[in-house]
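Input: a single structure, listed below in structure tokens.
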Amino acid sequence: MIALLTRDLRLAIRAGGGFGLGLAFFLILAVLVPLGVGPEGRVLALIAPGILWVGALLACLLSLDRMFALDFEDGSLDLLATAPIPLEGVVAIKALAHWLTTGLPLVLAAPVLGILLNLPGPAYGWLVLSLLLGTPALSVIGAFGAALTVGLKRGGLLMSLLVLPLYVPTLVFGAEAVSRGAQGLPAATPLLLLAGITAGSAALLPFAAAHALRINLR
Amino acid sequence: MIALLTRDLRLAIRAGGGFGLGLAFFLILAVLVPLGVGPEGRVLALIAPGILWVGALLACLLSLDRMFALDFEDGSLDLLATAPIPLEGVVAIKALAHWLTTGLPLVLAAPVLGILLNLPGPAYGWLVLSLLLGTPALSVIGAFGAALTVGLKRGGLLMSLLVLPLYVPTLVFGAEAVSRGAQGLPAATPLLLLAGITAGSAALLPFAAAHALRINLR
Amino acid sequence: MELVVSDLACARGGIPLLEGVSLRLDAGAALVLRGPNGCGKTTLLRTLAGLQPALGGTISCPPDAMAYAGHADGLKAVLSVAENLHFWAAIHGQTGVPEAIAAMNLTDLADRQAQHLSAGQKRRLGLARLMVTGRWLWVLDEPTVSLDAASVALFGSVVRAHLAGGGAALMATHIDLGLNEAQLLDLTPYRARAHAPDGFDEAFL
Amino acid sequence: MELVVSDLACARGGIPLLEGVSLRLDAGAALVLRGPNGCGKTTLLRTLAGLQPALGGTISCPPDAMAYAGHADGLKAVLSVAENLHFWAAIHGQTGVPEAIAAMNLTDLADRQAQHLSAGQKRRLGLARLMVTGRWLWVLDEPTVSLDAASVALFGSVVRAHLAGGGAALMATHIDLGLNEAQLLDLTPYRARAHAPDGFDEAFL
Amino acid sequence: MIPDLGRYVVEVTLAYAVSLALLAGLVGWVWLRGQRVRRELNAVEARARQKK
Amino acid sequence: MTTTTRPSLWEYANPVKFMRLTDWLLPLVGWAAAALVLVGLVWGFFFTPDDFRQGSTVKIIFLHVPSALMAINAWIMMLAASLVWLIRRHHVSALAARAAGPVGAVMTLIALFTGAVWGQPMWGTWWAWDPRLTSFLILFLFYLGYIALWSAIEDPDTAADLTAVLCIVGSVFAVLSRYAAIFWNQGLHQGASLSVAPGTRMDWAYKAPLYVAMTGFGLLFLALVLAGTRTEIRARRMSALMTRERMQA
Ligand code: HEM
Ligand SMILES: Nc1ncnc2c1ncn2[C@@H]1O[C@H](COP(=O)(O)OP(=O)(O)OP(=O)(O)O)[C@@H](O)[C@H]1O
Ligand SMILES: Nc1ncnc2c1ncn2[C@@H]1O[C@H](COP(=O)(O)OP(=O)(O)OP(=O)(O)O)[C@@H](O)[C@H]1O
Ligand SMILES: [Mg+2]
Ligand SMILES: [Mg+2]
């Protein structure tokens, strides 16, 4: 298991492995939205919490599209399925590796991008906290979506389609927590719900994902 | 050449081929943004032109990531490079096929999504017109980015990083045209500039892309 | 330690391919499957390895006994030869990577990334992986594709050593592996016959 | 109509592999390249096909004369056998798809999607593609991988017909193709030697 | 010695501190990488000369 | 045959000549750069008066303007080197372009950061979507993409070719983006006040240290690029030697 984690992290760090690219996408989105919406600080401050959360979500989404696909294509997944570790464990480890290489950097970068989007001062703490609680759920849910679409050529976009609806609760509670924080309102309730989603999906979805993988392999 | 176009279109329409998925992504973004930003109609109307353009741009981006990668992996690209058609033509045709399967559906769907985002009435015509003029540039620029990263494992996100800065002028002029239209201001200048970018990149970038492909094949 | 398959039927894409396949493999034995292209060798091996369900019949085999090597080698292009093997060894809780590297004549290439190997070198690495699984039964699908004569001989000696150590091997191939002691099983007679669909329920499944 | 290669040197990943390769192939002739794994057969064929630049030497060949078939078959998984062939025929401005399908014994599979073919059937389809390129010189990298004995014989007869029609074939392989009339060229003697690094500039490139 | 920076102490010192840190980081990175590559090259060259 | 060789600039595209030249040039440039940067910044930080409007924040200019200029210059240099590589295939120029990438990126980062810190007291915000700031941010993204592409490709010549193509296409789009940004928003940022046009707005008390710092940053950039190019040349020689070593084995 540890071997799998270190391998995935190593693959991510090697040339072309994708480490930091989710981050780059997040950055680029934060640049594009003002370019599209216009430079007015007031408008940007209003939409900043929502856009930052949508950006984090999309960055996760894009980087997970090949979580299993690469292993499927080169046959590793067949071999992992016959290896003496449970497929549920494989899924959980892969989701963890994905979070470490994508979610965590997003959490750390978010405050900087908040500046670009003119996020109001009190919201920064809530932003980091909500992302920290919410991004693991994005990785786990994404692992489930990736497992569902693993055998398909160009499964990436189909996966987006399947996963995005599943991301909705996370997005709503996360963005709500930040925007309440930005207005100085109490934000504990959405944060608690967010933590609940993360705990629940981390506990249950690996089983569903492993089942989907087994079906896709045969 | 026609054969290549029909093949690419046919591949796109077959199961898992990606036709309509760019569209689906566009739709989902238009749904997610109000969820993240909040339901206020006034705010949404303000940001609608920008968000719609950013959405179209991302939908293009996501669907082009494997424009050449699939052909590279299964060896078709080697064979196309030795076939009696110029590689520049291959690039142009592939960009055209990409536009027909992604850009054109986006143009047609945009007005519907405008309703979701509360886009002001006078802006609809400008939205369709600007997307019609601008999305071909997105496909061609994307073809260049895809050609640069074709040999790389998980090139998708690196490609996003390379391509998005190139998309900036298109986005700015496109969104500007729509928001000027929405406010009843004259929008001819940005539209002309948009058309200029499209014409320029369609004329020049296939050569750069074909050059990059040749380098990547060796 | 034995594999006993009785009256196995297997299908691919919903279409029955083979039926009535029975075979038995004891420690120290090797069995080579033969049959024309498309007769179902790959399908049979994947079924035995548990990667797809059987249509009927039984497979009895101790758990975690099989190491499967299919058409794809399961190598990571950006990891080196040694790193690839170390990973699979760790997954299976084994050691012995240097021995595997030496046995498949990969010593000079140990630090080369897998993407920079030639077709035959990749295949040798894929076979070296078997040696770090510690598994008793090797299930191999066309193992010597792309190998030159010397490497085929090397592979033969590795398989022989595995058999001598109490292992077993089940291989599908079209070319001679140089393993004269192996039994042969031609799959042609087991081709599934089309059953007349009798009744809706039958024809529906 | 002839391929003349003189004093060719080629490299992969910046490392010189072969040097001083000279060969000549006239219409009606076949040449089989041999050599151990990793000696540079694939690299040489790719260089000849114009997919990578040569390090030195000359290749003279009429333009658009070569049809290359490498380790990958260039098939689209979701297109049927016939559709795949029609596409390549159209790209090369040729007809003759039904003949190619019949020649490689794919008639029963013509409407099957390529992803539902077995390894050997895929390979047969990849070889059928050559027949719709209308090219004079076939450059083949391990063409008979995964083929059963009957298909190898079929392939032999197709190549023979191509030669009889004034074509030529250049093939790399490790196994016997059953083409007794083909010349053999062993690449082992042409392995590039290391030049002593003399001076900075030399060693730099 | 430290000049009176008035209301903007934080801004000005922050700007100088971070910029100098970035510059130092860049110079250090270039320098260290140069040293490392030089050392490795020397080792490889020594080996090559030995063989000759 | 004896040819009277007119010394030409291209000769330094030969790695041996380049190394020999930079053997003595690099320390010179390096120390000069260190001295000038130090003098310029110390002068600027300690010995300039406060501006009547901007107060002490005016001192940031001695970091901001030189780094901004170098950020642009680095890109122009990369563009020129990429063209030279594509046209004349001199390896040194490709490697120089590679070496300039990280330097330019850090310079851009410094300009962005000092600008942001300056913006807080002056405009009341860390960041505004002013055209100049916007185009600088886009420039930073270009740098990141350029560096990422270099490091993602294994084969050095392939990487040189592809990054050169990217640099050229990227430059065209960088200019376009600049116009787009100006069109999009008219901006708060200072105009070019160092222009020789009549009515120069800046006092010599600021100008003198600014010029010193600018020269210092220019030399620093040169020194870093030279050092980086030397390292890249060595790295390539090393990989060539290791190749030979492997072939002999
Ligand atoms: C965060 C972002 C900023 C960026 C990327 C940026 C970028 C630049 C660039 C590229 C230049 C050189 C251009 C030229 O000389 O024509 C420049 C010059 C300058 N900037 Fe900024 N700037 C930023 C923020 C600021 C702020 C907040 C101020 C002050 C309020 C400021 C004041 C100046 C001044 C005074 C110059 C010198 C103009 C001249 O004399 O040419 N900048 N900046
Ligand atoms: N990037 C690289 N760096 C170093 N060596 C490489 C690189 N890529 C390939 N090689 C080596 O080049 C050699 C030639 O490979 P090539 O694929 O041409 O061999 P081949 O004769 O076709 O072998 P096979 O019979 O196994 O297919 C191999 O030894 C391989 O390890
Ligand atoms: N989805 C599908 N629908 C219908 N037939 C299929 C499907 N997938 C595979 N087949 C057929 O199943 C058969 C068995 O394929 P399999 O890969 O097991 O053959 P094989 O014996 O391994 O052949 P080879 O020697 O060529 O590797 C083939 O004839 C193939 O055409
Ligand atoms: Mg098979
Ligand atoms: Mg080969």
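Just so you know, these numbers use all the heavy atoms, side chains as well, and skip hydrogens, waters and symmetry mates. Reminder, nothing fancy here: chain letters follow the sequence lines and each chain counts from 1.
- Residue contact with chain B, scored on non-hydrogen atoms closer than 4.5 Å, is absent for A:Leu27.
- Residues of residues 48-56 of chain A lying under 4.5 angstrom from chain B, judged on non-hydrogen atoms, are A:Gly50, A:Ile51, A:Val54 in numerical order.
- Among A:Leu32, A:Val172, A:Val43, the residue making the largest number of heavy-atom pairs under 4.5 Å with chain B is A:Leu32.
- Contact of B:Leu58 with chain A is made through the side chain alone, with heavy-atom distances under 4.5 Å.
- To the nearest 0.5 angstrom, A:Ile47 atom CD1 is 4.5 Å from B:Ile47 atom CD1.
- Among B:Leu57, B:Val37, B:Leu61, the residue with the largest count of heavy-atom pairs under 4.5 Å with chain A is B:Val37.
- Of all the heavy atoms in B:Gly36 and A:Ala175, the pair that sits closest is O-CB, 3.4 Å.
- Of all residues in residues 176-189 of chain A, none places a non-hydrogen atom less than 4.5 angstrom from a non-hydrogen atom of chain B.
- The distance from the CG atom of B:Leu161 to the CG atom of A:Leu23 is 10.0 Å, given to the nearest 0.5 Å.
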